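Excluded from the calculations below are hydrogen atoms, water molecules and symmetry mates; all remaining heavy atoms, backbone and side chain alike, are included. Both ligands and their constituent atoms are indexed starting at 1 by order of listing. Being a predicted model, the structure only gives us computed values, none of them experimental.
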Amino acid sequence: MKRKIIVTGGTGYIGSHTAVELIADGYEVVVIDNLYNSDVSVLDGIHAITGVRPRFYNEDLCDRAKLDEIFTAEAPVDAVVHFAAYKAVGESVKKPLEYYRNNLLSLINLLEVMEQHRTPAMVFSSSCTVYGEPEELPVTESSPVQEAASPYGFTKQAGEIIIRDTMAARPHQKAISLRYFNPIGAHPTAHIGELPRGVPENLVPFITQTAIGLRDELKVFGNDYNTPDGSCIRDYLHVVDLARAHVVALRRLITGENKANYEVFNLGTGTGVSVLEAIAAFEKATGVKLKYSITGRRAGDIEKIWADPSLANRELGWKTEINIVEAMETAWRWENRLKNKES
Ligand code: UD1
């Protein structure tokens, strides 16, 4: 019998790519998502790639009774991969309580219901945002977690601590937190990708929307940072590489290869890329010249951060395989697919 995995936020950007990789690896995937920041048509995309349409519950994880019903209906559930959360940094500053309620209550409900239904394992979607502005680069999992720069960032820090403490009290369960650096790109088939709400805050959707004519120009937020070309540096990894990491993390938990019942891994390429280099990678991948100008710094931006992914390389046997130029090419294919859908 296939192992059954509940993917919360499974119609979201990273969730949908992970659902595809899980199905390809032989798992049965069940999606819970309230479609707050995603579209139900993503299930069609998953179906087009895998030939499988995951069972879907349009529910909010903050509704504990509903969650209980789903776990009862789906029993036995082998593991949960938990993506569902609000994720806009700027919005979280304006609506902190909404972020705390949504991101933390949903996690607490999930952990309670998992205990009730004896679900043994969880993979949690965390972020390099927990490191703040790092003092040393690259960042390892033991680099200090710094005071969060936003309520969103705090929900990731708090989420990790809630899981760590819960696992410490429950030796019969296990969990892994995955700290993502900057996921970009889309599935190479262009059946799924990122669907930003309104004006994108993240770099790559802004680049592709500018290139396709939806935005006038990209504003590069600052060229006076202490970096070789003055623009900020990040570690951009392809979303399919990231999705694959969830499959190997899950396998580690299911097969019992984990060394502790709570573990944390950085997921990145290990290479820092500046905003200007990212633009150059896009232009190289697509042959499209991008219109951009340099403006002032964005409040709260980190100057430079990239991962030391050696723990994930060693322990999970995982490393990124898709480079930034290839990643940009998939992002562009996806943007074109969206345009063709509209017209
Ligand atoms: C941001 C969040 C991070 C969160 C992640 C989720 C901040 C400070 N960090 O990461 O906590 O986990 O999103 O996706 O908001 N840039 C431009 N022009 C643009 C957009 C971005 O120059 O129009 C630059 C930014 O200054 C940054 C880089 O591109 O240097 C990447 O930005 P972005 O995609 O927003 O990601 P992060 O800031 O790394």
Side-chain angles (χ1 to χ4, degrees), residues 9 12-15 17 37 83 85-94 99 103 124-134 137 139 145-160 177-185 193-211 214-237 239 242 266-269 272-282 290-307 324 327-328 331:
Y13 174 43
I14 306 169
H17 288 82
N37 193 21
F83 295 100
Y86 293 167
K87 62 169 188 179
V89 176
E91 183 184 63
S92 80
V93 175
K94 294 187 195 105
Y99 272 66
N103 291 5
F124 177 62
S125 165
S126 189
S127 165
C128 71
T129 192
V130 302
Y131 297 116
E133 181 82 63
L137 288 164
V139 287
V145 166
Q146 312 229 37
E147 167 118 17
S150 69
Y152 159 76
F154 182 67
T155 66
K156 290 299 173 194
Q157 294 182 347
E160 286 195 9
S177 286
L178 298 175
R179 293 178 176 161
Y180 316 150
F181 283 66
N182 286 58
I184 60 165
E194 197 167 1
L195 276 174
R197 243 189 328 167
V199 182
E201 285 191 28
N202 294 118
L203 179 64
V204 173
F206 208 104
I207 288 178
T208 55
Q209 288 197 5
T210 304
L214 289 173
R215 313 276 158 213
D216 290 340
E217 63 169 9
L218 170 77
K219 303 247 184 276
V220 174
F221 297 141
N223 68 347
D224 56 352
Y225 284 99
N226 181 24
T227 61
D229 65 23
S231 64
C232 292
I233 294 180
R234 298 287 185 272
D235 184 336
Y236 298 96
L237 76 162
V239 66
L242 180 58
N266 282 344
L267 298 179
T269 65
V273 169
S274 74
V275 177
L276 296 177
E277 287 170 337
I279 294 170
F282 174 80
L290 190 77
K291 205 163 162 243
Y292 70 89
S293 67
I294 312 287
T295 59
R297 294 179 174 198
R298 177 171 70 176
D301 250 343
I302 301 299
E303 180 171 272
K304 45 182 181 268
I305 185 164
W306 63 93
I324 188 165
M328 290 292 187

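- Protein heavy atom at the shortest distance from atom 13 (O) of ligand 1 is N202 ND2, 3.3 Å.
- Counting only heavy atoms of the protein, atom 3 (C) of ligand 1 lies nearest to V89 CG2, 4.0 Å.
- Heavy atoms of Y292 stay at 4.0 angstrom or farther from ligand 1.
- Environment of CG in D224: crowded, with over 12 heavy atoms of neighbouring residues, nucleotides or ligands closer than 6.0 Å.
- Atom 31 (C) of ligand 1 has Y236 OH, 3.5 Å as its closest protein atom, hydrogens excluded (heavy atom only).
- When only interatomic distances are considered, the shortest N/O to N/O separation between F221 and ligand 1 falls below 3.5 Å.
- For the residue pair Y99 / E91, a side-chain donor-acceptor distance below 3.5 Å is found, with atom types taken as modelled.
- Evaluated by nearest non-hydrogen atom to atom 10 (O) of ligand 1, the leading choice among D301, I294, N182 is N182.
- Nearest to atom 24 (C) of ligand 1 among the protein's heavy atoms is V275 CG2, 3.7 Å.
- Side chain of R234 to main chain of I302: a donor-acceptor pair is present (N/O by atom type, distance under 3.5 Å, no hydrogens or angles).
- A donor-acceptor pair under 3.5 Å is absent between the side-chain atoms of N103 and the main chain of Y152, judged by distance alone.
- Residues Y236 and T269 bring no donor and acceptor atom of their side chains to less than 3.5 Å of each other.
- Every atom of ligand 1 with a heavy atom of T129 under 4.0 Å away is listed here by number and element: 11 (O).
- Among the atoms of R234, some N or O lies under 3.5 angstrom from an N or O of ligand 1.
- Interatomic distance, SG of C128 versus OH of Y180, reported as 12.0 Å (0.5 Å rounding).
- Between the side chain of E133 and the main chain of E303, a donor-acceptor pair closer than 3.5 Å is present.
- Taking a 4.0 Å cut-off on heavy atoms, I302 fails to register as neighbouring ligand 1.
- Side-chain contact of E160 with S177: a donor-acceptor pair under 3.5 Å is absent, judged by distance alone.
- Counting the atoms of ligand 1 from 1 in the order shown, those under 4.0 Å from a heavy atom of L218 are 18 (N), 19 (C), 23 (O).
- Residue F181 places no heavy atom under 4.0 Å from ligand 1.
- Close approach of ligand 1 to G300 (heavy-atom distance below 4.0 Å) involves ligand atoms 8 (C).
- The two residues V220 and S231 make their nearest non-hydrogen contact at CG1-CB, 4.4 Å.
- Close contacts between ligand 1 and C232 involve ligand atoms 30 (O) [criterion: under 4.0 Å to a heavy atom].
- The side-chain heavy atoms of V273 and N182, taken from C-beta on, include no pair separated by under 4.5 Å.
- At least one heavy atom of S127 sits less than 4.0 Å from an atom of ligand 1.
- Near K219, with a cut-off below 4.0 Å to any heavy atom, the atoms of ligand 1 are 17 (C), 18 (N), 19 (C), 22 (O), 23 (O).
- Side chain of E201 to main chain of P196: no donor-acceptor pair is present (N/O by atom type, distance under 3.5 Å, no hydrogens or angles).
- Here's the thing with L203: one of its N/O atoms is less than 3.5 angstrom from an N/O atom of ligand 1.
- For atom 4 (C) of ligand 1, the nearest non-hydrogen atom of the protein is Y152 CE2, 3.7 Å.
- For ligand 1, the atoms lying closer than 4.0 Å to a non-hydrogen atom of V220 are 22 (O).
- When the heavy-atom distances from atom 32 (O) of ligand 1 to K304, R298, E201 are ranked, the shortest goes to R298.
- A donor-acceptor contact closer than 3.5 angstrom links the side chains of Y131 and N266.
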